[in-house]
J.: 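Can you keep this structure in mind? I'll have questions shortly.
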Amino acid sequence: MTRTAPLTTDDLTAGAPVHDPAASGEWWRDAVIYQVYPRSFADGDGDGIGDLPGVTAKLDHLKGLGVDAVWLSPFYRSPQKDAGYDVADYRDIDPLFGTLADFDEMLAGAHERGLRIIVDLVPNHSSDQHVWFQEALAAAPGSAARDRYLFRDGRGPAGDEPPNNWQSIFGGPAWTRLAPREDDGPLGPQWYLHLFDSSQPDLNWENPEVHTEFEDVLRFWLDRGVDGFRVDVAHGMVKAAGLPDWDGRAAMVEGTVDEPATDPAAPEDGSTGAGNQGPMFDQDGVHEIYRSWHRVLEEYPGDRCLVAEAWVEPLSRLARYVRPDEMHQAFNFSFLTAPWDAARLRTVVSVSLDTMDAVGAPTTWVLSNHDVVRHASRFGLAEIGGRQLNGIAATDPQPDAELGLRRARAATLLMLGLPGSAYVYQGEELGLPDHTALPAEVRQDPSFFRTDGAEPGRDGCRVPLPWVGGAPGNGFGPSGRTWLPQPGVYADLAADQQYGVAGSTYEMYRTALELRRAEKIGTAGLAWVDALAGSPDVVAFHVAGVVVLANLGATPVALPAETDVLVASGDLVDGAVPSDTTVWLRV
Ligand code: NOJ
């Protein structure tokens, strides 16, 4: 039913609690964590690429916004074939981003301001420039050096077919063959596995040396004082025994699926198509790794945490990563990929809370990151329900910017009203859209090249941030250079254009984060508003004495006269919540 009569206070009564967490002091349970993508956050030295001194200089922006922690994407030594997710040295900073001293300064500055720091760990693969891979290339087949990676002989009489039929997530085969050498066996040069780019060879997690090395890397950063790790491709390190052939489709971000994912709805278990079913993902063996890492973190004071980046569905499979002796949080990609649909959102929220409650872990909420089209652009693609994730090219249908921003703000206010931990991707607090018309010449994402341009890739969501509207490079750094061009609209959306401006996206985030903290929303229980629990248009719930109400339908929802509106994602019209708007109410 689409509601036209005004709501009464009675209509807003809470139903039975669907989530009622026990009190717990661990900071990560309700933290709002801001993702810094270092190359695009702020440039300190003027080379057009963001760096750690740039992050340090902007810590007050983050403090002012009201987040609790910062997760930084990789800044390690790397040839940057996949923007740093190809690590050549896990214990050093790439000169592009600064030095270890710059890191220490950034960490100290964050801690002084009460901000925790989470760093990115990339254990599924290293760079091909890593000393281990260089040693493996120099060593003979069957050697200890080769055993740190997944080298295999090829198939066919001359070994010239890949060892299995797996495809790289970035497109093309997941195997690359070495150049011929004199000591090659009868099957010729070996092949190595890379689930991502050929410059990112997969490590062999059956090898104890790999385990020892990564525990040591954890300790290196824990000793420096980091508060946690975001674990890249946490579902990928262990592969099914024998590396069996698999005919599913490996795709960027939605993961691997058996069928093309046009609308892979499985509403009852909260699945949205974000999962992976292939033999390269979500194998039981990964959990033993996280148990051992959990033990390493326990040696340190201060509730250090592990966050899983695991594109796994259904949510009950994801919950296995955050059992009490494993990781602490996992990104909720089922929420990120849910369409703008009231029933689907209610389901994914309920199932997320239920399944994480069952293992005693907090639920996380996330709408954007450096791998997906920003939600301000995604939600502007009304005709496909805002589900497009893999980048938008100039030749694609372009998002409706106004609709996208309106829905993005509504989605954010809904997200920040949910109990648990929330992730904010740099620039979403400014309402930034993707650059949706980047020319091919400036694109850098390997998925663009490995698919011959069929996948636009992720560059559009990685554009350098605008700090000072109208300044060269919109104030990204002292030279005005930016490693990717910014779209024209970034001048109006720059941070300085929004600070202190009533109704700006920045001020909406700031107000919501302040209320979230004051009302202790992150650690509260949740109960649906009973009278609206079947509505096709409205998502409404009680949390910590606040009613969060999102209107996704076309008909305005009139509020009871005595309602106190705490924050709104858009202006109310005659006391009613218009289409694509979320409000927080005190009733
Ligand atoms: C997930 C990261 O978020 C993404 O940016 C990267 O390309 C892949 N893992 C490979 O490391």
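Below, all heavy atoms of this structure are taken into account, side chains as well, without hydrogens, waters or symmetry copies. Both counts, for ligands and for their atoms, begin at 1 and track the order of listing. Just so we're clear, the structure is a prediction, and the values are computed from it rather than from any experiment.
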J.: Scan Arg458, Arg462, Arg450 and name whichever one has a side-chain hydrogen bond (donor to acceptor under 3.5 Å, both in side chains) with Asp445.
T.: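 Checked Arg458, Arg462, Arg450 against Asp445; only one passes side-chain hydrogen bond (donor to acceptor under 3.5 Å, both in side chains): Arg458.
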J.: Check ring pair (Phe, Tyr, Trp, His ring centres under 6.0 Å) between Phe335 and all other residues, then give those that pass, not counting sequence neighbours.
T.: Trp365
J.: I need the atoms of ligand 1 closer than 4.0 Å to a non-hydrogen atom of His125, numbered in the order shown.
T.: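 Ligand 1 atoms under the 4.0 Å threshold to His125: 10 (C), 11 (O).
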J.: Tell me the contacting part of Phe170 for ligand 1: side chain, backbone, both, or neither, using a 4.0 Å heavy-atom threshold, strictly below.
T.: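 For Phe170, the contact with ligand 1 is made by the side chain alone.
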J.: At the 4.0 Å heavy-atom cut-off, does Arg462 count as touching ligand 1?
T.: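 Right, Arg462 reaches ligand 1.
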J.: Would the Phe103 and Phe75 ring centres measure less than 6.0 Å apart?
T.: yes
J.: State which residues pass ring pair (Phe, Tyr, Trp, His ring centres under 6.0 Å) with His130; sequence neighbours excluded, sorted by chain then number.
T.: Tyr90, Trp132
J.: Just which atoms of ligand 1 are under 4.0 Å from any heavy atom in Asp82?
T.: 6 (C), 7 (O), 10 (C), 11 (O)
J.: For Arg230, is the nearest heavy atom under 4.0 Å from an atom of ligand 1?
T.: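 Judged by the 4.0 Å heavy-atom criterion, Arg230 does count as contacting ligand 1.
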J.: Taking side-chain hydrogen bond (donor to acceptor under 3.5 Å, both in side chains) as the criterion, tell me which of Thr176, Asp86, Asp128 meets it with His194.
T.: Thr176
J.: Relative to each other, are the rings of Phe331 and Trp71 parallel, tilted or perpendicular (30° and 60° limits)?
T.: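 Tilted.
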J.: Quick one: which ligand 1 atoms are inside 4.0 Å of a heavy atom on Arg458?
T.: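 Within the 4.0 Å cut-off of Arg458, ligand 1 contributes 4 (C), 5 (O), 6 (C), 7 (O).
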J.: Under 4.0 Å from any heavy atom of Glu309, which atoms of ligand 1 are there?
T.: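 Matching atoms, with element in brackets: 1 (C), 3 (O).
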J.: Would you mind finding which of Asp232, Asp445, Val233 brings a heavy atom closest to atom 2 (C) of ligand 1?
T.: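 Checking each option, the heavy atom nearest atom 2 (C) of ligand 1 is found in Asp232.
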